[in-house]
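Everything on this sheet refers to the single structure shown next.
Per chain, numbering begins at 1; letters A, B, ... match sequence-line order.
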Amino acid sequence: MKPKEGSREPPPERAVRLIWRQVWYSALMQQSDDIDRRAYFKSLPSYGPDWDFAIEYGVDVMMLERNLAFSYEARLRNACNGIRFMAKCRAMNEKLYGQV
Amino acid sequence: MARSEAGIQQTERLLCELLDAEVECVVVGGVAAAIHGCTRLTEDLDLVAPLTFANCERILGVLQKYRPRFYQTLGRPPVERDAKALSEFKNPYFDTQLGIVDVLGSLPPVGDYARIRSRSIAIDFEGRSLQLVSLDDLISVKEAVGRPKDREVLIELKAIRDRLKGKVR
């Protein structure tokens with residue numbers, strides 16, 4: 001079945017292949033202890049050359065997806081929580097090794 | 001990572017205080033990258049602001065309460081200058097009890113405050129309107145600076161731009 005002219009939808013066979021690949025890789029990743037997840041990320045839909053390059057570079061694009069699901073305000077709050085957590089880690093480090 | 005006098009950067013509080021004092025500014029740098037969705041953590045708050053007498057007065061009005069010091073001057077001397085003297089600076093960089101604030105008058109290659117502001121986006125933050133540098137401008141700046149430490153952020157920002165276009169290939 002051919003897609004309608006001008007339609008951005010992928011052809012059905014490709015969509016089925018993509019979904020199948022995602023299901024297969026997701027199941028695989030649940031069992032995998034491999035920290036290099038590029039193969040898995042490459043199985044997900046691609047959004048463009050920069051997206052693909054980020055995956056190849058080692059960026060955790062699932063983390064980007066997760067961040068983008070938050071509002072701008074929530075992202076800022078998350079970043080600030082991260083900074084506070086880092087400060088606590090630093091304090092623990094200073095307790096362990098003394099202030100440099 | 002930069003460390004403030006107080007140890008913990010309080011970016012949210014800094015922003016709230018600056019916005020409440022009606023300081024004209026656009027958030028840029030690592031904090032802007034985080035708001036756009038980057039995963040990297042950054043501590044200091046980078047702002048582009050018009051370094052006019054009135055705006056410097058408002059900035060000082062906020063920061064004076066938190067023992068400001070010049071962050072990158074040897075010995076970190078306390079900020080004892082008035083708004084007029086400060087408005088002659090191109091890039092005042094403060095260390096305060098709430099954290100580090102880097103105020104830039106312009107951001108090459110994008111341009112001055114007016115240009116960055118005209119292309120910025122307004123976001124809601126704690127019931128206030130916060131101006132955030134546009135994703136395209138932030139990418140241009142990171143590309144122009146070209147420091148190795150910016151490379152990962154740049155790659156993430158470009159990936160985010162692809163993702164926001166949302167076209168599955």
Side-chain angles (χ1 to χ4, degrees), chain A residues 3 7-11 14-15 17-19 21-22 38 41-94 99-100, chain B residues 1-4 6-16 27 29-45 98-100 121-132 135 139 143 151-169:
Chain A
S7 162
R8 283 182 187 164
E9 291 298 311
R14 188 164 172 252
R17 213 165 50 234
L18 271 174
I19 293 166
R21 232 171 22 165
Q22 280 171 43
R38 285 180 293 180
F41 295 145
K42 282 177 195 167
S43 76
L44 301 174
S46 166
Y47 293 99
D50 289 329
W51 182 264
D52 295 342
F53 183 78
I55 290 173
E56 198 48 53
Y57 191 80
V59 170
D60 184 342
V61 288
M62 294 302 279
M63 196 80 91
L64 297 184
E65 291 270 21
R66 182 179 171 274
N67 281 354
L68 292 173
F70 288 112
S71 66
Y72 286 121
E73 192 174 8
R75 288 178 217 165
L76 176 54
R77 215 171 288 132
N78 288 345
C80 291
N81 287 342
I83 293 168
R84 275 192 282 275
F85 177 70
M86 291 298 288
K88 283 182 188 166
C89 291
R90 207 180 288 129
M92 285 192 277
N93 175 282
E94 280 169 10
Q99 196 164 11
V100 179
Chain B
M1 272 194 210
R3 293 181 62 181
S4 75
I8 301 178
Q9 178 84 13
Q10 298 182 54
T11 301
E12 289 155 302
R13 196 163 151 205
L14 267 169
L15 282 172
C16 285
V27 176
V31 172
I35 302 175
H36 277 296
C38 273
T39 61
R40 312 282 143 192
L41 278 180
T42 188
E43 288 201 28
D44 58 342
L45 173 63
L98 292 187
I100 294 162
I121 49 176
I123 65 166
D124 187 55
F125 173 64
E126 308 268 347
R128 301 158 176 91
S129 179
L130 176 70
Q131 294 297 324
L132 175 71
L135 183 56
I139 288 171
E143 271 177 337
R151 184 163 162 77
E152 283 179 24
V153 176
L154 181 61
I155 289 167
E156 286 196 0
L157 288 171
K158 285 180 161 182
I160 288 166
R161 183 168 60 182
D162 265 0
R163 178 65 185 87
L164 293 178
K165 285 179 193 160
K167 289 179 191 163
V168 178
R169 290 202 304 171

Report summary line: Nearest heavy-atom contact between B:Asp162 and A:Trp51 is OD2-N, 2.9 Å
Requested in this report: Determine yes or no for a side-chain-to-main-chain donor-acceptor pair under 3.5 angstrom, with A:Asn67 supplying the side chain and B:Gly37 the backbone.
Outcome: yes
Query - Choice from A:Arg66, A:Arg75, A:Glu65, A:Met63 maximising heavy atom contacts with chain B below 4.5 Å - result: A:Arg75
Report task. Report the option among B:Thr11, B:Leu130, B:Asp124 that has the most heavy-atom pairs separated by less than 4.5 Å from atoms of chain A. Result -> B:Asp124
Requested in this report: Indicate yes or no for a side-chain donor-acceptor contact from B:Gln9 to the backbone of B:Glu43 under 3.5 Å, with no hydrogens or angles considered.
Outcome: yes
Report task. Measure B:Leu15 against the heavy atoms of chain A and call it side chain, backbone, both or neither at under 4.5 Å. Result -> side chain
Report task. Side chain from CB out, backbone as N, CA, C, O: work out which of these in A:Leu68 comes under 4.5 Å of a heavy atom of chain B, or both, or neither. Result -> side chain
Query raised in the report: Has the side chain of B:Glu12 got a donor or acceptor atom that lies under 3.5 Å from a matching backbone atom of A:Cys80?
Result: no
**Report entry** A:Tyr57, part contacting chain B, at a heavy-atom distance under 4.5 Å
**Finding:** side chain
**Report entry** Heavy-atom side-chain contact between B:Ile100 and B:Leu45 under 4.5 Å
**Finding:** no
Requested in this report: Let me know if B:Arg13 has heavy atoms under 4.5 Å from chain A in its side chain, its backbone, both or neither.
Outcome: neither
